[in-house]
Amino acid sequence: MRGKNRLPKTRGCGWAPSNIALSKYWGKRDTELNLPFTSSISISLGHRGAFTCVEVSDRDEYWLNGQLLPADSEFASRTRQYLALFEQCAKHFVVRSRLNIPLAAGFASSACGFAALVLALDDLYDWQLSHIELSILARLGSGSACRSLHDGFVMWQAGQDADGWDSYGVPIDSVWPELCVGMLIVDRSPKAVSSRAAMLATVTSSTLYHQWVEQASKDVQAIHSAILQHDFKTLGEVAELNAMAMHAVIRSSVPPINYSTWETLQIIERVQHIRQSGIQVYLTQDAGPNVQLIFTKEHQETLERLFPAMEVVAPFADYQEVVECLDCNSHETLNTADKLLVHQRGDLHRAFSVVVTRVNSDGECELLMQQRSANKYHSSGKWSNTCCGHPRSYQTMLADAMQRSMEELGIQLTSLQEIGSFIYYANLDSGLIEHELDHVLWTDWQGDLVLHPDRLEVQDYCWVTIERLQQQLRDEPDSYSSWLPQLLTVLRLKLSGDGRV
Ligand code: PMV
């Protein structure tokens, strides 16, 4: 479940990804409620976003990436204004946000910021709001925030109701692992005209605004079908033209508003040339000078060479490399973070170990073990549990573990049961640190089990009795993963309780 945690309720926390619109939201039919004239579609940026904690206090304090913000800063005043909506809950709040995207550089920091804040409030007060209600609340902070409650593609349905109850973000059921977004920062300075002010100016003064509404409505439809059909060319073409049309209509405001710099225009031209040379790359641009490139994995290396400063996000692929970090004392969820980074820093995170047992023909209990392949990023070549991994969350753990067992060993487990957990900390062979809350998921297998191991993950496998394994662990501890002894203790406890060993 995105961003939920179970910290003691003096503090609520939430995480939300940033999102980039492929078909833009530009112009409000209601400026108080942030209700748009048209629907829009975005792609969430995987693990790039905001993690926010909120506490009730006797004073207002807003912290951004570890720095206390001046009360008159834009971030502080927008947050204060927004939190005033919740004054019946508390008069003052301390808000601490961490964003891992460039701030105020057209990478939708307000979108993930408000979505994370709403999730933090929901957590603090245990409202248990639905995604729709959370999206509506986030929309009141910043329109585009209503699309940041989900991963992947999200459609913000414009809705028609005057009160905005039908205007919120809904996920589009499509996974596109090859899709990449490249972030090109042209200028980090705050924009001269906020998107709020510019939208109002465009709606009230541009003679072209109604044309934008017509075109944007068509673009949403075209992008929606392109997403469902994985039609990259249409997606790219329509997204790029949509962004160009948005900037054209913004420029047609009176007086004109221009977000592009000379460098922005150079990039736009360059992308066209690159495309003419046969590389399918498109771009989009939010209300600022910075540009986001849209391309697929096959062109990533080439484009990284052409744009060395570009930061690439693969919203679907990167997300699989994210783990759930936990508070060291309470073991409650803190946030999600990049898997490698977490193993470099030794942050406590959630993991699972799957153990499959069976009773052999001599009536002894055996455990199915795998030898980790030589390619693994740590503990390569070591013997370990049947399979292990990092769940997306506690709620999805059993499903994630079943999927992992299928991917690694080609076995379809249907009845995993959590039999205990343990925490371990180990400096690994590869220089990484393993610091996990490891949930032991067990199943007893009846009958034959045919395995189809993925050799990139699993070098070998075997069935071994618990007694023999214990002896081998004493004789050759270095041949086994560092978490195996603790796992075995949990397993033995369960099996002896059941009278199996
Ligand atoms: O949500 P706001 O008020 O920051 O407006 C965002 C508008 C654009 O980023 C330019 C387009 C969009 O749909 O995200």
Side-chain angles (χ1 to χ4, degrees), residues 16-45 49-50 74-75 78-79 81-82 99 101-118 135-150 153-158 164 167-169 181 183 190-203 209 212-213 215-217 219-220 223-224 238-251 253 257-260 264 283-292 294:
S18 184
N19 76 73
I20 294 293
L22 298 169
S23 175
K24 310 283 184 193
Y25 143 61
W26 196 257
K28 308 175 195 201
R29 64 184 159 92
D30 185 315
T31 51
E32 284 287 299
L33 299 176
N34 289 341
L35 296 176
F37 278 107
T38 62
S39 297
S40 54
I41 292 182
S42 60
I43 173 79
S44 289
L45 293 184
E74 151 129 28
F75 181 97
R78 279 189 75 180
T79 311
Q81 214 179 339
Y82 182 68
L99 274 76
I101 46 160
L103 293 175
F107 296 113
S109 47
S110 65
C112 58
F114 280 107
L117 181 56
V118 169
S135 173
I136 289 171
L137 273 184
R139 193 200 70 220
L140 299 177
S142 161
S144 52
C146 78
R147 297 185 308 234
S148 272
L149 274 308
H150 297 278
F153 298 107
V154 179
M155 154 115 63
W156 174 8
Q157 324 178 134
S167 184
Y168 49 81
V181 177
M183 303 194 276
K191 23 186 182 199
V193 189
S194 71
S195 48
R196 189 166 287 231
M199 268 188 214
L200 186 63
T202 314
V203 174
Y209 187 70
W212 158 258
V213 171
Q215 187 57 45
S217 310
D219 292 348
V220 167
I223 287 185
H224 190 223
V238 180
E240 184 171 306
L241 287 174
N242 178 274
M244 296 303 104
M246 180 184 83
H247 284 276
V249 77
I250 295 173
R251 223 169 284 134
S253 306
I257 299 168
N258 174 39
Y259 282 118
S260 302
T264 312
L283 62 87
T284 185
Q285 182 191 353
D286 271 351
N290 302 306
V291 173
Q292 295 92 41
I294 310 164

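Whatever order the structure lists them in is the order used to number ligands and atoms, beginning at 1. Atom set for the values below is all heavy atoms of this structure, side chains included, hydrogens, waters and symmetry mates excluded. One is the number of the first residue; the rest follow in order along the sequence.
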Ala138, Ser144, Ser42, Gly27: member with heavy atom nearest to atom 6 (C) of ligand 1: Ser144
Numbered atoms and elements of ligand 1 in range of Ala287, under 4.0 angstrom, heavy atoms: 10 (C)
Minimal non-hydrogen separation, Arg29 against Ser167, with atom names: NH2-CB, 4.5 Å
Enumerated ligand 1 atoms positioned under 4.0 Å from heavy atoms of Lys24: 11 (C), 13 (O)
Lys24 side chain vs Met246 backbone, donor-acceptor pair below 3.5 Å: no
Trp26: numbered ligand 1 atoms lying under 4.0 Å from its heavy atoms: 10 (C)
Ligand-side contact atoms (ligand 1) for residue partner Met199, heavy atom cut-off under 4.0 Å: 5 (O), 7 (C)
Heavy-atom side-chain proximity of Asn242 to Trp26 below 4.5 angstrom: no
Contacts of type side chain to side chain donor-acceptor pair (under 3.5 Å), residue Ser195, not counting sequence neighbours: none
Identity of the nearest option to atom 2 (P) of ligand 1, non-hydrogen atoms only, from Ala216, Cys146, Ser142: Ser142
Under 3.5 Å: N/O of Ser40 near N/O of ligand 1: no
Ser44 side-chain N/O to His150 backbone N/O, donor-acceptor pair under 3.5 Å: yes
Non-hydrogen atom of Ser195 closer than 4.0 Å to ligand 1: yes
Nitrogen or oxygen of Ser23 less than 3.5 angstrom from that of ligand 1: no
Asn19 side chain vs Ala111 backbone, donor-acceptor pair below 3.5 Å: no
Atom indices of ligand 1 within 4.0 angstrom of Ala21 heavy atoms, with elements: 12 (C), 13 (O), 14 (O)
Test side chain to side chain donor-acceptor pair (under 3.5 Å) applied to Thr264 - qualifying residues, sequence neighbours left out: Thr261
Proximity flag Trp156 to ligand 1, non-hydrogen atoms under 4.0 Å: no
Side-chain heavy-atom pair Arg139, Leu33 within 4.5 angstrom cut-off: yes
Under-4.0 Å heavy-atom contact with ligand 1, by part of Arg196 that carries it: neither
Any Ser110 heavy atom less than 4.0 Å from ligand 1: yes
Distance filter under 4.0 Å to Gly143 heavy atoms, resulting ligand 1 atoms: 1 (O)
Test ring-ring contact (aromatic ring centres under 6.0 Å, His included) applied to Phe37 and Tyr25, Tyr209, Trp212, the passing residue: Tyr209
